[in-house]
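Each remark here refers to the structure printed beneath this line.
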Amino acid sequence: MTKNKWKKLILEQMSALGVQKDAYDSAVDTLAGILEQRDKTFREFQASGGKSVIEYTNKGGSTNMTKNPLLVLWDDLNKSALAYWRELGMTPSSYKKMTGDAPRLEKPGGLAAALASIESG
């Protein structure tokens, strides 16, 4: 997904949680960039064969098995994104720390509401 699409989605999610503030715009922009790069890195990882471990030949000519650098980078980008999600109050625990409340849940409808009424009855 592109950076702009990620930014739109992040802002929509923050708005739905009630934690969206203009002061967070630079953090949202950075997170969107991280997620765009993460997506590109994952596509590159898949295109290269998707191997978790690859052969690496060092300067001395020895060939060893090593973690795929694309997978390592993808994991690092995920960790960076998670740090931003936490700072923005977009994980359940960080939301609770910011607001003192659990994330608002939509009321179940249809089958979920019927099953809930049976269980509580």
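By the side chain to side chain donor-acceptor pair (under 3.5 Å) test, Glu44 pairs with no residue at all, sequence neighbours left out. Residues satisfying the side chain to side chain contact (heavy atoms under 4.5 Å, CB included) test with Lys5, not counting sequence neighbours, are Met1, Thr2. Considering only residues two or more places apart in sequence or on other chains, Thr66 meets the side chain to side chain donor-acceptor pair (under 3.5 Å) condition with none of them. With sequence neighbours excluded, the residues satisfying side chain to side chain contact (heavy atoms under 4.5 Å, CB included) with Ala27 are Tyr84, Leu88. Partners of Lys7 according to the side chain to side chain donor-acceptor pair (under 3.5 Å) rule, which considers only residues two or more places apart in sequence or in another chain, do not exist here.
Applying the salt bridge (Lys or Arg N to Asp or Glu O under 4.0 Å) test to every pair with at least one member in residues 73-92, sequence neighbours left out, gives these pairs: Asp75-Lys79. Here ring pair (Phe, Tyr, Trp, His ring centres under 6.0 Å) pairs that include residues 13-36, with residues two or more places apart or in two chains, number zero. Within the structure, salt bridge (Lys or Arg N to Asp or Glu O under 4.0 Å) contacts touching residues 31-43 (residues at least two apart or in different chains) do not occur.
Chaining together hydrophobic side chains whose heavy atoms lie under 4.5 Å apart places Leu71 alongside Phe42, Phe45, Leu70, Trp74.
Atom-to-atom distance recorded for Thr41:OG1 and Ile34:CD1 is 11.5 Å, nearest 0.5 angstrom. Remark: Thr91 OG1 to Lys96 NZ distance equals 12.0 Å, nearest 0.5 Å.
Between the side chain of Thr99 and the main chain of Tyr95, a donor-acceptor pair closer than 3.5 Å is present.
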Report, one line per pair, each donor and acceptor closer than 3.5 Å where one atom sits in a side chain of residues 49-61; sequence neighbours left out.
from	atom 1	to	atom 2	distance (Å)
Thr57	OG1	Thr63	OG1	3.0
Asn58	OD1	Gly60	N	3.0
Asn58	OD1	Gly61	N	3.1
Asn58	OD1	Ser62	N	2.9

